[in-house]
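Numbering of residues begins at 1 and proceeds along the displayed sequence.
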Amino acid sequence: MTDPFFTPFDSKDTIGDLPKRFTYPFDYEVSPISLLAVKQLQKHLIEQKDWVHNFGLVPDMEGTIIGKMFGVLVVKTQDDKIGYLAAFSGKLAGGNIHPKFVPPVYDALVEGSFLNVGMQELTRMGDNIKKLQNTASATEITALKEARKKHSQALQEKLFDQYVFLNKHGEEKSIREIFKNNLNGNPPAGAGECATPKLLQYAFQNKMQPIAMAEFWWGLSPKSDQWKHKQFYPACDEKCRPILGHMLDGILVEDAPR
């Protein structure tokens with residue numbers, strides 16, 4: 001059975017020598033094999049018709065312009081095929097699941113999920129507080145706000161518990177365990193939703209050997225000049241460094257540049 005998320009390199013592609021060490025994710029030059037994967041993925045982004053997302057690259061397109069970080073992971077399968085996996089950070093076209101892209105570590109957008117139900121309850125509690133603002137006592141309003149805050153915290157903690165990351169040894173670590181020594185012990189919002197952790201998770205789940213990675217920005221960014229179309233970027237420090245520290249345990253990684 002073919003893997004729907006693994007794209008083998010065509011025999012006509014010149015793969016060349018494979019890197020002896022995995023890419024250092026936080027400061028790297030894109031390897032030729034990663035560049036080959038990136039070119040194929042960018043061609044797919046231009047030609048695909050499965051979904052519509054406004055990257056700001058098509059004049060007068062409706063919807064908010066949202067550029068997006070994409071990642072590729074060059075891998076070797078159990079039967080020694082060389083190819084790549086692809087992922088995007090966060091959501092794409094309002095969803096988590098799209099053809100060609102590996103699934104998220106946890107899909108919180110599934111209909112009827114505890115997160116959706118919990119968010120609806122938060123909205124209901126917030127609406128109730130607004131409604132009673134002029135009729136209930138200050139003590140009652142404070143109690144309602146405290147109840148909403150506790151519900152929100154419990155929901156966030158339950159969400160954190162769904163994120164469990166693998167490494168090559170098959171060892172699992174929850175996101176809270178990974179971040180327990182960072183700042184206040186809580187993971188930052190969106191941790192685990194970046195491209196490289198998604199890619200490594202899928203590779204380890206399917207016994208694939210990671211060979212090289214690269215991340216690039218696709219589209220315009222209305223918020224910051226930092227993100228440029230087609231430029232390469234390192235994995236982020238705040239969200240990814242602690243996670244990748246666990247996920248890359250046992251992988252021979254390039255040395256960090258001085």
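Taking a 6.0 Å sphere around CD of E62, one finds it holds 12 or fewer heavy atoms contributed by other residues, nucleotides or ligands. Enclosure of atom CD in E171 by more than 12 non-hydrogen atoms of other residues, nucleotides or ligands within 6.0 angstrom is indicated. Residue D17 qualifies as open at atom CG: its count of foreign heavy atoms under 6.0 Å is 12 or below. Within a 6.0 Å sphere centred on CE of M61, other residues, nucleotides and ligands contribute more than 12 heavy atoms. Crowding of D60 atom CG: a count of heavy atoms from other residues, nucleotides or ligands under 6.0 Å not exceeding 12.
At least one side-chain heavy atom of M208 sits under 4.5 Å from a side-chain heavy atom of F6. Side chains of F160 and S174 form no contact here, defined as non-hydrogen atoms less than 4.5 Å apart. Counting heavy atoms from C-beta on, the side chains of Y106 and V164 never come closer than 4.5 Å. Side-chain atoms of W218 and I46, non-hydrogen and from C-beta on, do get closer than 4.5 Å to each other. Considering only heavy atoms from C-beta on, F204 comes within 4.5 Å of P210 through its side chain. Contact annotation: the side chain of N116 never approaches that of M119 to less than 4.5 Å [non-hydrogen atoms, C-beta and beyond]. The side-chain heavy atoms of W217 and K68, taken from C-beta on, include no pair separated by under 4.5 Å. Between I33 and F9, some side-chain heavy-atom pair lies under the 4.5 Å cut-off.
Atom OG1 of T196 sits about 13.0 Å away from atom CD of Q201, to the nearest 0.5 Å. For the atom pair NZ of K91 and NE2 of H98, the computed distance is 10.5 Å after rounding to the nearest 0.5 Å. Rounding to the nearest 0.5 Å gives a distance of 11.0 Å between NZ of K168 and CG of L248. Distance CG/L115 to CD/Q120: 10.0 Å, rounded to 0.5 Å. Distance check, rounded to the nearest 0.5 Å: CG of L45 to CD of Q40 gives 12.0 Å. To the nearest 0.5 Å, atom OG1 of residue T135 and atom CD1 of residue I141 are 7.0 Å apart.
Checking side-chain atoms of H151 against main-chain N and O of E121 turns up no donor-acceptor pair under 3.5 Å. Within the 3.5 Å criterion, the main-chain N or O of S137 finds a donor-acceptor partner in the side chain of E140. Of the possible polar contacts, none joining the W227 side chain to the H229 backbone as a donor-acceptor pair under 3.5 Å is found. The closest donor-acceptor contact from the side chain of D237 to the backbone of R241 lies at 3.5 Å or more, if one exists at all. Counting only distance, with no hydrogens or angles, the side chain of S221 and the backbone of G67 share no donor-acceptor pair below 3.5 Å. Side-chain atoms of N167 come within 3.5 Å of backbone N or O of H169 as a donor-acceptor pair. In terms of modelled atom types and a separation under 3.5 Å, the side chain of H246 and the main chain of I178 share no donor-acceptor contact. A distance-only check finds a donor-acceptor pair linking the side chain of N54 to the backbone of G63 [under 3.5 Å].
The cationic atom of K230 (NZ for Lys, CZ for Arg) does not lie both less than 6.0 Å from the six-membered ring centre of F216 and within 45° of the ring axis. Both cation-pi conditions hold for K198 and F88: the charged atom is under 6.0 angstrom from the six-membered ring centre and inside a 45 degree cone around its axis.
Annotation for I211 and V75: closest pair CD1-C, 3.8 Å, computed over non-hydrogen atoms. Residues A195 and G71 share a closest heavy-atom pair of CB-N, 3.8 Å. A pairwise comparison of heavy atoms in P103 and I97 identifies CB-CD1, 4.1 Å as the closest pair. Nearest heavy-atom pair, G118 versus L155, reported as atom, atom and distance to 0.1 Å: C-CD2, 3.6 Å. The two residues F22 and M213 make their nearest non-hydrogen contact at CZ-CG, 3.5 Å. Heavy atoms only, all atoms of each residue included: A212 and T23 are closest at CA-OG1, 3.4 Å.
Hydrophobic cluster membership differs between V74 and Y233, with clusters built from Ile, Leu, Val, Met, Phe, Trp and Tyr side chains linked at under 4.5 angstrom. One hydrophobic cluster, built from ILVMFWY side chains closer than 4.5 Å, holds both I251 and V72. Under a hydrophobic-cluster definition in which Ile, Leu, Val, Met, Phe, Trp and Tyr are linked whenever side-chain heavy atoms come within less than 4.5 Å, directly or via other members, V58 and L92 are assigned to different clusters. The hydrophobic clustering, which links ILVMFWY residues whose side-chain heavy atoms are closer than 4.5 Å, places F70 and V52 apart. Both F179 and L166 are members of a single hydrophobic cluster when ILVMFWY side chains are connected at heavy-atom separations under 4.5 Å.
Between Y24 and F26, the ring planes lie perpendicular to each other; the angle is over 60°, past the 30° to 60° tilted range.
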Candidate pair I66 and H53, rule side-chain contact (heavy atoms from CB on, under 4.5 Å), full reasoning: CA-CA 8 Å; I66 305 175; H53 181 102; 3.8 Å; yes

K20 vs L252, side-chain contact (heavy atoms from CB on, under 4.5 Å): CA-CA, chis, key distance, verdict: CA-CA 8 Å; K20 291 182 171 59; L252 196 60; over 6 Å; no

Derivation and outcome, side chain to side chain donor-acceptor pair (under 3.5 Å), residues S89 and E193: CA-CA 6 Å; S89 284; E193 292 294 328; over 6 Å; no

Intermediate values then yes/no, salt bridge (Lys or Arg N to Asp or Glu O under 4.0 Å), D161 and R176: CA-CA 7 Å; D161 289 339; R176 283 207 276 188; 2.8 Å; yes

Step-by-step salt bridge (Lys or Arg N to Asp or Glu O under 4.0 Å) determination, K100 to D50: CA-CA 10 Å; K100 194 175 179 69; D50 296 310; over 6 Å; no

Candidate pair M247 and I243, rule side-chain contact (heavy atoms from CB on, under 4.5 Å), full reasoning: CA-CA 6 Å; M247 298 190 87; I243 295 172; 3.7 Å; yes

Verdict with reasoning, F114 to K158, per side-chain contact (heavy atoms from CB on, under 4.5 Å): CA-CA 9 Å; F114 78 87; K158 188 173 180 181; 3.6 Å; yes

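Between D3 and Y202, the side chains place a donor N or O and an acceptor N or O closer than 3.5 Å (distance only, hydrogens not considered). In this model, no donor atom of one side chain and acceptor atom of the other lie less than 3.5 Å apart for T139 and T142.
Under the rule for a salt bridge (charged side-chain N to carboxylate O under 4.0 Å, His left out), the partners of E47 that lie at least two apart in sequence or sit in another chain are K43. Applying the side chain to side chain contact (heavy atoms under 4.5 Å, CB included) test to A86 and every residue at least two apart in sequence or in another chain returns L41, Y84, F101.
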